[in-house]
Amino acid sequence: MSESNAAPVSKKPLDTPFRQQRLPAWQPILTPQMVAVLFLTLAIPFIGLGSVVLQESDAVVEYVKQYDGSGVSSELESCKIDNAGLCNITFEIKDDMEAPVYLYYQLTNFYQNHRRYAKSYLADQLLGTVYQSGSEALAYCDPLSKNGSLILNPCGLIANTLFNDKITLATTSGTSGHPKLDTTGIAWPSDKSDKFAQPTSYCKKADSGSYSCGDGVKTGTDYEFAKVSTTSSVVGGCLGSVCSDSICGSVGLPDGCKGYHCDEPDYYNCNAGYYAYYYPEDDYQQYLYETFPEVVSPLEGATNEHFIVWMRTAALPTFRKLYGVIDTDLKKGASITIQVEANFDVAGFEGTKSLVLSTVTWFGGKNSFFGVAFLVVGSICLVVGIALEFNLLYNGPRKAGDRIYLD
């Protein structure tokens with residue numbers, strides 16, 4: 001059939017109720033009585049939910065003590081880095097605190113949500129890839145990828161501004177048993193398993209910035225982190241320094257291993273004793289345990305949970321991050337003393353540091369905002385609904401179609 005004899009193409013929609021907009025519809029007529037009932041109906045759930053949420057918030061027992069920055073009390077002046085930087089902070093328990101009791105640190109005026117700050121990290125490096133100098137992937141960490149000639153591992157602004165105050169449980173009184181500050185299990189399980197790992201490979205050549213090393217990736221024992229438990233007689237002479245090749249060989253590690261003594265097992269989450277460990281390309285990399293030795297042990301490195309918690313950036317400039325958990329009830333009249341060794345300077349950004357001791361409920365920590373907001377909205381709906389009902393009761397509804405309302 002020729003084009004001249006073809007049927008003309010019609011743009012008319014199909015003759016269906018949907019295409020022709022003939023579907024049945026219902027539009028409510030909002031009478032004064034219906035509006036009043038609607039406001040009163042909304043008031044009930046808002047007031048009820050607000051009361052429950054506010055009650056749960058009030059049930060949280062929380063104590064906050066600022067120990068650095070402008071406005072710190074005179075008794076905690078020694079906590080400031082400008083002073084001794086070492087102090088004890090005592091919490092007097094005035095209401096029973098049922099386990100688990102959470103210890104947080106709180107910072108103010110610290111903008112982790114700044115775009116340049118939040119994007120300054122290299123995901124593959126956090127997952128164990130060691131990059132050589134000149135790798136274009138390090139541009140993801142701008143403006144902080146090196147310390148002199150050493151590549152920061154991990155690099156970036158987030159990783160290298162880690163909160164590094166050393167916080168330990170010093171003493172308690174009036175408590176049953178021996179309370180312990182547990183710093184394990186504070187990070188999200190998905191973060192621990194999927195986002196952070198010790199070195200497992202080496203990117204031997206500069207890549208295109210797509211994280212791919214191509215054929216240049218190197219794997220094997222010379223390019224992955226390793227640790228072994230040993231004795232003081234083996235590594236006692238090379239603690240924190242490079243051991244001899246014979247010592248490294250005797251414990252089954254590549255040349256360039258180092259010794260480590262875990263003398264604070266509760267703080268560094270390791271079994272007390274002596275270890276030998278190995279990091280690849282250590283002469284050209286500055287690893288996390290070398291940047292923050294006061295809070296990160298070489299046995300954990302980038303899998304340290306305080307570091308993982310810090311890497312999940314906060315949305316607001318005032319934020320709290322979980323530091324540890326006390327799995328013992330703290331009864332009224334008890335006291336708990338936290339020792340702080342201050343290393344994190346807040347003067348540069350005019351911020352403050354605080355410790356927060358708190359319980360939680362099913363709704364979370366202490367936050368009265370949502371409860372108050374629900375109550376305010378519910379109260380407004382209630383007042384408006386009652387006002388409309390009284391108006392209808394005393395004045396009655398206006399007469400429909402009365403022309404006097406058109407003047």
Side-chain angles (χ1 to χ4, degrees), residues 103 105 121-131 147 150-156 158-169 180-202 221 223-230 235 238-243 248 251-254 256-282 285-312 321-325 341 343-344:
L103 180 67
Y105 59 88
Y121 72 96
L122 180 52
D124 267 23
Q125 191 187 48
L126 294 171
L127 279 169
T129 300
V130 179
Y131 287 87
N147 181 17
L150 296 176
I151 297 174
L152 292 171
N153 190 337
C155 60
I158 311 175
N160 290 280
T161 54
L162 172 66
F163 180 82
N164 60 336
D165 281 4
K166 186 176 180 180
I167 301 172
T168 54
L169 180 58
K180 177 183 175 182
L181 181 62
D182 187 4
T183 57
T184 61
I186 60 175
W188 289 21
S190 58
D191 286 352
K192 292 173 59 178
S193 61
D194 301 333
K195 295 184 178 180
F196 298 87
Q198 289 284 63
T200 57
S201 61
Y202 183 60
T221 56
Y223 302 103
E224 64 183 22
F225 166 80
K227 65 178 179 180
V228 294
S229 178
T230 183
V235 297
C238 57
L239 296 177
S241 59
V242 178
C243 300
C248 294
V251 296
L253 296 180
C257 71
K258 297 180 180 180
Y260 176 72
H261 180 209
C262 177
D263 54 355
E264 295 183 73
D266 290 340
Y267 182 75
Y268 291 108
N269 298 319
C270 54
N271 294 323
Y274 291 84
Y275 297 83
Y277 64 92
Y278 172 78
Y279 279 84
E281 302 293 325
D282 199 20
Q285 307 278 323
Q286 180 174 313
Y287 287 99
L288 188 66
Y289 78 92
E290 296 171 309
T291 307
F292 301 103
E294 59 278 349
V295 292
V296 179
S297 80
L299 305 183
E300 289 186 306
T303 62
N304 177 275
E305 292 201 45
H306 293 308
F307 174 67
I308 296 175
V309 169
W310 177 260
M311 290 297 292
R312 183 165 284 278
K321 290 184 182 286
L322 182 60
Y323 196 88
V325 183
E341 181 182 319
N343 300 295
F344 190 85

field: Positive for side chain to side chain contact (heavy atoms under 4.5 Å, CB included) with Tyr274, one of Asp263, Leu239, Val228
entry: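 With Tyr274 as partner, Asp263, Leu239, Val228 yield a single side chain to side chain contact (heavy atoms under 4.5 Å, CB included), made by Leu239.
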field: Given Val296, Leu322, Thr183, the one that forms side chain to side chain contact (heavy atoms under 4.5 Å, CB included) with His306
entry: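 So, applying the side chain to side chain contact (heavy atoms under 4.5 Å, CB included) to His306 and each of Val296, Leu322, Thr183, only Thr183 qualifies.
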task: Compute whether any side-chain donor of one residue and acceptor of the other, for Gln286 and Thr291, lie under 3.5 angstrom apart.
output: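 There is such a pair (donor and acceptor under 3.5 Å, judged by atom type) between the side chains of Gln286 and Thr291.
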field: Side-chain H-bond candidate by donor/acceptor type, Gln198 with Tyr279, under 3.5 Å
entry: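 Yes, Tyr279 and Gln198 have a side-chain donor paired with an acceptor closer than 3.5 Å.
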How long is the span from the [atom1] atom in [X] to the [atom2] atom in [Y], to the nearest 0.5 Å?
X	Y	atom1	atom2	result
Glu224	Thr200	CD	OG1	7.5 Å
Leu162	Phe344	CG	CZ	8.0 Å
Glu300	Asn269	CD	CG	5.0 Å
Tyr323	Leu103	OH	CG	8.5 Å
Trp310	Lys321	CH2	NZ	6.5 Å

Return the minimal non-hydrogen interatomic distance between [X] and [Y], and the atom names on each side.
X	Y	value
Val242	Gly256	CG1-CA, 3.9 Å
Val295	Asn164	CG1-O, 3.6 Å
Ala159	Phe292	O-CE1, 3.4 Å
Tyr131	Asp124	OH-CB, 3.3 Å
Ala302	Ile308	O-CG1, 4.0 Å
Cys248	Pro254	CB-O, 3.4 Å

query: Can the SG atoms of Cys270 and Cys262 be said to lie under 2.5 Å from each other?
result: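 Looking at Cys262 and Cys270, their sulfur gamma atoms lie closer than 2.5 Å, so the answer is yes.
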task: Tell me, with the steps shown, if Leu126 and Met311 meet side-chain contact (heavy atoms from CB on, under 4.5 Å).
output: CA-CA 10 Å; Leu126 294 171; Met311 290 297 292; 3.8 Å; yes
Between [X] and [Y] (side chain of the first, backbone of the second, donor and acceptor by atom type, cut-off under 3.5 Å), is there such a pair?
X	Y	answer
Asp182	Val325	no
Glu305	Thr184	no
Glu341	Lys166	no

- prompt: Can you say whether the rings of Tyr260 and Tyr268 are parallel (under 30°), tilted (30 to 60°) or perpendicular (over 60°)?
  reply: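 Perpendicular, since the angle between the ring planes exceeds 60°.
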query: Do Tyr289 and Tyr277 have their ring centres less than 6.0 Å from each other?
result: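 Yes, close enough.
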message: If you take the centroid of each ring, where Trp contributes its six-membered ring, are Phe196 and Phe307 closer together than 6.0 Å?
response: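 Phe307 vs Phe196: aromatic centres under 6.0 Å.
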[Y] and [X], any side-chain heavy atoms less than 4.5 Å apart:
X	Y	answer
Glu281	Tyr223	yes
Asn304	Ser297	no
Leu299	Tyr275	yes

task: For Asp282 and Lys258, run side-chain contact (heavy atoms from CB on, under 4.5 Å): C-alpha distance rounded to whole Å, both residues' side-chain angles, the deciding distance at 0.1 Å, then the answer.
output: CA-CA 10 Å; Asp282 199 20; Lys258 297 180 180 180; 2.8 Å; yes
- request: Could you please spell out the steps behind the side-chain contact (heavy atoms from CB on, under 4.5 Å) verdict for Val130 and Asn153?
  value: CA-CA 8 Å; Val130 179; Asn153 190 337; 3.9 Å; yes
